[in-house]
**Student:** 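Attaching a single structure in structure tokens format; questions to follow.
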2 protein chains.
Amino acid sequence: MVSRGRRSTPQRVIVAEALAAARRALSAQELHERINAGHPTLGLATVYRALEAQVQDGMASRFERDGHVSAYVACDATHHHHLVCTRCQRVEDLDETVVAPLLSSVGRTHDFQVDHAALDFYGLCGSCRKRAR
Amino acid sequence: MVSRGRRSTPQRVIVAEALAAARRALSAQELHERINAGHPTLGLATVYRALEAQVQDGMASRFERDGHVSAYVACDATHHHHLVCTRCQRVEDLDETVVAPLLSSVGRTHDFQVDHAALDFYGLCGSCRKRAR
DNA sequence: GTGGTTGCAAAGGTTTTGCATGTGC
DNA sequence: GCACATGCAAAACCTTTGCAACCAC
């Protein structure tokens, strides 16, 4: 899945690790801030470029946060859809077996060739839900 | 569902009608261009403000187009999810009965209180699919 | 050595905001 | 009349790009 001609550089590793360590959705800027704590010279543009590369390679996915900002999460090849907690921004993988029936029924009931789908749920995760009450 | 204190103005009606007439996803700028053909003084900022109001009131929904641009579609209260053709930008409503099982199984299989979901499918509609071959 | 990558700053484009004026209700 | 809405332009904002230096392979 990795694009041909893509190189492994220290910066890309740092970005990938920082995103994976976060275990939640971060905007490029938020990730950049975290990284800068330990790597002050790593530029914001590099973060954007690394994130874009990760998305293309299926190692991260991007979705829209309120306010027209992109947020990114690390993901593996088998989980592409997420439950995003709107309070703590923590992200859980959605069980893909739950999604599969939907994908096939969309193909059956509509004359539409699905290329990709945005299937992201927003709400409160277990812990935030308890805390909210 | 309409927010308290929201007024009906000629401009909002124009924006709502233009969006409904389009029957496809439009960015704020595209909508502004179309509107300006007949209403040259209606400003872009007003279009943004009207669209935002419509989204809040459930009369339109917003999603992300490639290149970090928001696109908007008119929608009614019962259809909130869409099939978006990435070629002609035409939007079909997704049959909600197809979606309902997914929503309930997410609630069952994950400890997560779903507030709202982004369920949008991107691909080729029937006509574009034929044309593509 | 070659071609992808980085860092910086500057540019680009979208969206928001300030403010004086206008207008539903 | 009051609060909200509009229009214009400026500002803010996120994101991309240009370019010289750099470095992985």
Side-chain angles (χ1 to χ4, degrees), chain A residues 1-19 22 25-57 59-73 84 89, chain B residues 1-19 22 25-57 59-73 84 89:
Chain A
M1 186 68 117
V2 172
S3 300
R4 292 152 32 77
R6 180 151 295 154
R7 290 181 186 166
S8 164
T9 66
Q11 289 90 338
R12 296 214 167 143
V13 173
I14 290 166
V15 171
E17 287 180 349
L19 186 61
L26 292 176
S27 70
Q29 316 234 11
E30 290 164 347
L31 191 58
H32 181 232
E33 283 172 25
R34 294 187 172 210
I35 289 171
N36 265 22
H39 306 275
T41 64
L42 204 159
L44 177 58
T46 300
V47 173
Y48 274 104
R49 287 186 277 228
L51 286 172
E52 180 56 30
Q54 282 200 59
V55 170
Q56 280 184 19
D57 294 349
M59 296 162 53
S61 61
R62 175 174 65 200
F63 42 85
E64 191 183 1
R65 194 185 280 181
D66 267 9
H68 311 275
V69 181
S70 295
Y72 301 81
V73 219
V84 184
Q89 295 292 323
Chain B
M1 186 70 107
V2 173
S3 300
R4 291 152 33 77
R6 181 151 295 153
R7 291 178 185 168
S8 165
T9 67
Q11 289 89 339
R12 297 214 167 145
V13 174
I14 290 166
V15 171
E17 288 180 349
L19 185 61
L26 293 176
S27 70
Q29 316 236 10
E30 289 163 349
L31 191 57
H32 181 231
E33 281 172 27
R34 294 188 171 209
I35 289 171
N36 265 23
H39 306 275
T41 63
L42 204 160
L44 178 57
T46 300
V47 173
Y48 273 104
R49 287 186 278 227
L51 286 172
E52 180 57 30
Q54 281 199 60
V55 170
Q56 280 185 18
D57 294 350
M59 295 162 54
S61 61
R62 175 175 65 199
F63 40 85
E64 191 183 1
R65 197 184 279 181
D66 267 8
H68 310 276
V69 181
S70 294
Y72 300 82
V73 219
V84 184
Q89 297 292 321

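Please read these numbers as outputs of a predicted model, since none were measured by experiment.
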**Student:** For DNA chain D, whose closest nucleotide is more 5', that of A:Tyr72 or that of B:Arg12?
**Tutor:**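 Counting from the 5' end, the first nearest nucleotide belongs to B:Arg12.
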
**Student:** Send over the distance from A:Gln11 CD to D:dC22 P, rounded to a whole Å.
**Tutor:**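 One finds 13 Å between P of D:dC22 and CD of A:Gln11, rounded.
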
**Student:** Heavy-atom distance under 4.5 Å between the side chains of B:His39 and B:Gln11, does that happen here?
**Tutor:** no

**Student:** Write down the distance between CD (A:Gln56) and C1' (C:dG4), rounded to a whole number of angstrom.
**Tutor:** 14 Å

**Student:** Check every atom of D:dG7, C:dT15, D:dC14 against the side chain of A:Val69 and return the nucleotide holding the closest atom.
**Tutor:** D:dC14

**Student:** Atom CG of B:Leu26 and atom P of C:dT14: how far apart are they, to the nearest Å?
**Tutor:** 14 Å

**Student:** Name the nucleic acid region contacted by A:Ser70, choosing base, sugar-phosphate or nothing; use a 4.0 angstrom heavy-atom cut-off, strictly under.
**Tutor:** sugar-phosphate

**Student:** What pairs with A:Leu44 under side-chain contact (heavy atoms from CB on, under 4.5 Å), at least two apart in sequence or on another chain?
**Tutor:**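 With neighbours one apart ignored, the set is A:Gln29, A:His32, A:Tyr48.
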
**Student:** For residues 29-52 of chain B, which residue pairs qualify under salt bridge (charged side-chain N to carboxylate O under 4.0 Å, His left out), counting only residues two or more places apart or in two chains?
**Tutor:** B:Glu30-B:Arg65, B:Glu52-B:Arg62

**Student:** Which parts of residues 35-44 of chain B get close to DNA chain D, meaning a heavy atom less than 4.0 angstrom away?
**Tutor:** B:Thr41, B:Leu42, B:Gly43

**Student:** Among D:dT17, D:dC8, D:dC14, which is the nearest nucleotide to the side chain of A:Tyr48?
**Tutor:** D:dC14

**Student:** Within this structure, what is the NE2-to-P distance between A:His32 and D:dC14, rounded to whole angstrom?
**Tutor:** 13 Å

**Student:** To the nearest 0.5 Å, how far apart are CD in B:Glu17 and CZ in B:Arg12?
**Tutor:**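 Between B:Glu17 CD and B:Arg12 CZ, I get 14.5 Å after rounding to 0.5 Å.
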
**Student:** Drop me the distance from B:Thr9's OG1 to B:Ile14's CD1, to the nearest 0.5 angstrom.
**Tutor:**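 Going from the OG1 atom of B:Thr9 to the CD1 atom of B:Ile14 covers 8.0 Å.
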
**Student:** B:Val47 and B:Ala28: which non-hydrogen atoms are nearest, and at how many Å?
**Tutor:**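 Shortest heavy-atom contact: CG1-O, 3.8 Å.
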
**Student:** Which pairs pass salt bridge (charged side-chain N to carboxylate O under 4.0 Å, His left out) with one or both residues in residues 35-46 of chain A, sequence neighbours excluded?
**Tutor:** none

**Student:** Round to the nearest Å and state the distance from A:Glu52 atom CD to C:dT5 atom P.
**Tutor:**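 From A:Glu52 CD to C:dT5 P: 13 Å.
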
**Student:** Using a 4.0 Å heavy-atom cut-off, write out nucleotides 19-25 of chain C from 5' to 3' as B (base contacted by protein), S (sugar-phosphate only) or - (no contact).
**Tutor:** ----BBS

**Student:** Please identify which of these residues, A:Leu19, A:Leu42, A:Thr46, meets the side-chain contact (heavy atoms from CB on, under 4.5 Å) condition with A:Ile35.
**Tutor:**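 When A:Leu19, A:Leu42, A:Thr46 are each tested with A:Ile35, the side-chain contact (heavy atoms from CB on, under 4.5 Å) holds only for A:Leu42.
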
**Student:** How does DNA chain C look in dot-bracket notation if pairs are Watson-Crick or G-U with both distances under 3.5 Å, crossing ones as [ ], other-strand ones as |?
**Tutor:** |||||||||||||||||||||||||

**Student:** OP1 or OP2 of D:dC14 sitting under 4.0 Å from any side-chain N/O of A:Gln29?
**Tutor:** yes

**Student:** Distance from B:Leu26 atom CG to B:Tyr72 atom OH, nearest 0.5 Å?
**Tutor:** 11.5 Å

**Student:** If you compare all heavy atoms of A:Val73 against all heavy atoms of A:Ala25, which two are closest, and at what distance to 0.1 Å?
**Tutor:**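 In terms of heavy atoms, the two residues are closest at CG1-N, 4.3 Å.
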
**Student:** Would you please test B:Ser61 and B:Val55 for side-chain contact (heavy atoms from CB on, under 4.5 Å) and show each step?
**Tutor:** CA-CA 5 Å; B:Ser61 61; B:Val55 170; 5.8 Å; no

**Student:** Rounding to a whole Å, what distance do you find between A:Asp57:CG and C:dG4:P?
**Tutor:** 15 Å

